[in-house]
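Since this is a predicted model, take the numbers as computed values, not measurements. Numbers here simply count residues along the sequence, with the first being 1.
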Amino acid sequence: MTGAIIARTRRAPADARLRERGARIGGVLGGILRRTSQTGFVLYALALGAALGLASADFATSGGYPVGGTTIGAWTAWAKTGAVDADPYSRAVNARRGEIPLALGEGLLLTAARDDSGRRLDASCTYSVGGAVPPARAWTLTIGGRGAVDPAAKPVREAFTSTEILREADDRFVITIGQEVQSGNWLPMPRPSGPVRLALRLYDTPVAASVGSLDRNTVPAITRLGCKR
């Protein structure tokens with residue numbers, strides 16, 4: 001009986017040491033797991049933020065200029081995209097396109113992605129663009145679509161200039177944009193379907209310094225004539 005009591009007495013400190021050692025090991029492992037969990041969360045948050053930032057930057061710079069325009073009917077005038085103090089989004093769009101924008105003293109860019117009725121311009125439709133153009137020494141009208149051009153597609157005309165346009169007797173003009181060949185001023189669609197955008201560039205124009213003087217009657221009208229079903 002006495003021997004059993006002595007044996008239990010000796011085992012008690014050993015068991016206490018084992019429990020203490022187990023508690024220490026558990027604490028160390030718990031700390032490692034907590035630090036690992038925190039590190040993983042931080043890495044996940046950084047990766048998610050980077051992905052969202054890249055996605056938003058790609059979306060903001062893959063189309064037209066996202067901010068800073070003045071709406072005039074169906075058109076939007078961009079007076080400061082080539083200015084020294086242009087906003088970061090405009091600079092990013094210019095860098096991505098590889099274009100040199102018009103400076104304040106050189107001209108003015110106007111773009112349109114919808115017709116006069118507010119409907120998005122679509123390559124499967126036919127449009128009439130014409131009427132008045134703000135005063136300028138020269139101008140160009142260009143059409144393009146969002147995304148890369150199909151390298152296998154045949155090259156087509158993408159623009160008209162003020163020096164080659166056919167005009168009416170009153171010096172007004174009409175440009176027909178569509179898939180089918182048209183008489184007169186015809187500008188073919190750059191693709192069979194999908195959104196398209198018009199760009200009107202005015203060179204050496206007095207309205208570059210006073211965009212507020214423009215109104216709906218001083219810019220070309222954009223009228224949908226029909227669409228393929």
Side-chain angles (χ1 to χ4, degrees), residues 60 62-81 90 93 97 101-102 107-147 156-203 205-229:
S62 59
Y65 298 107
V67 296
T70 302
T71 302
I72 307 161
W75 298 87
T76 302
W78 307 96
K80 300 187 67 176
T81 57
S90 297
V93 171
R97 291 178 177 176
L102 292 172
L108 179 66
L109 169 67
L110 295 94
T111 62
R114 299 180 181 274
D115 61 17
D116 284 357
S117 298
R119 294 169 296 191
R120 185 178 296 276
L121 299 181
D122 192 281
S124 63
C125 301
T126 301
Y127 298 91
S128 171
V129 179
V133 172
R137 178 168 296 182
W139 55 264
T140 62
L141 180 68
T142 308
I143 184 170
R146 186 167 184 168
V156 296
R157 184 186 190 116
E158 297 179 348
F160 265 109
T161 66
S162 56
T163 58
E164 61 184 343
I165 201 81
L166 299 177
R167 301 176 184 270
E168 304 290 342
D170 58 357
D171 203 38
R172 299 172 75 86
F173 68 91
V174 174
I175 298 175
T176 304
I177 305 175
Q179 299 287 345
E180 303 296 332
V181 178
Q182 304 287 334
S183 60
N185 302 312
W186 172 59
L187 195 59
M189 285 291 182
R191 59 192 62 195
S193 62
V196 294
R197 183 183 299 269
L198 296 175
L200 177 63
R201 292 177 173 85
L202 308 174
Y203 299 93
T205 173
V207 300
S210 57
V211 177
S213 64
L214 296 174
D215 58 38
R216 191 163 186 167
N217 296 323
T218 61
V219 293
I222 306 174
T223 306
R224 179 190 285 188
L225 303 179
C227 297
K228 292 183 178 180
R229 295 182 180 272

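- Within a 6.0 Å radius of CZ in R119, more than 12 heavy atoms belonging to other residues, nucleotides or ligands are found.
- For the residue pair R201 and T142, the shortest heavy atom distance occurs at NH1-OG1, 3.8 Å.
- In this structure, the side chains of P188 and R157 come closer than 4.5 Å at one or more pairs of heavy atoms.
- Nearest heavy atoms, S162 versus A138: OG-CA, 3.5 Å.
- For residues 205-227, no residue pair satisfies the ring-ring contact (aromatic ring centres under 6.0 Å, His included) rule, not counting sequence neighbours.
- Between L121 and I222, the closest side-chain pair of non-hydrogen atoms falls below 4.5 Å.
- Minimum interatomic distance between V174 and N185 (heavy atoms only, all atoms of both residues): O-ND2, 3.1 Å.
- Residue pairs meeting the salt bridge (charged side-chain N to carboxylate O under 4.0 Å, His left out) criterion with at least one member in residues 173-183, sequence neighbours excluded, are E180-K228.
- Partners of W139 by ring pair (Phe, Tyr, Trp, His ring centres under 6.0 Å), not counting sequence neighbours, listed by chain and number: F173.
- Residue pairs meeting the salt bridge (charged side-chain N to carboxylate O under 4.0 Å, His left out) criterion with at least one partner in residues 131-141, sequence neighbours excluded, are R137-D204.
- Under the rule for a salt bridge (charged side-chain N to carboxylate O under 4.0 Å, His left out), the partners of R167 that lie at least two apart in sequence or sit in another chain are D171.
- Nearest heavy-atom pair, L141 versus L187, reported as atom, atom and distance to 0.1 Å: O-CD2, 4.4 Å.
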Contacts under 3.5 angstrom, residues 123-132 side chains, donor-acceptor by atom type, not counting sequence neighbours:
from: S124; atom 1: OG; to: D122; atom 2: OD1; distance (Å): 2.5
from: Y127; atom 1: OH; to: D122; atom 2: N; distance (Å): 2.9

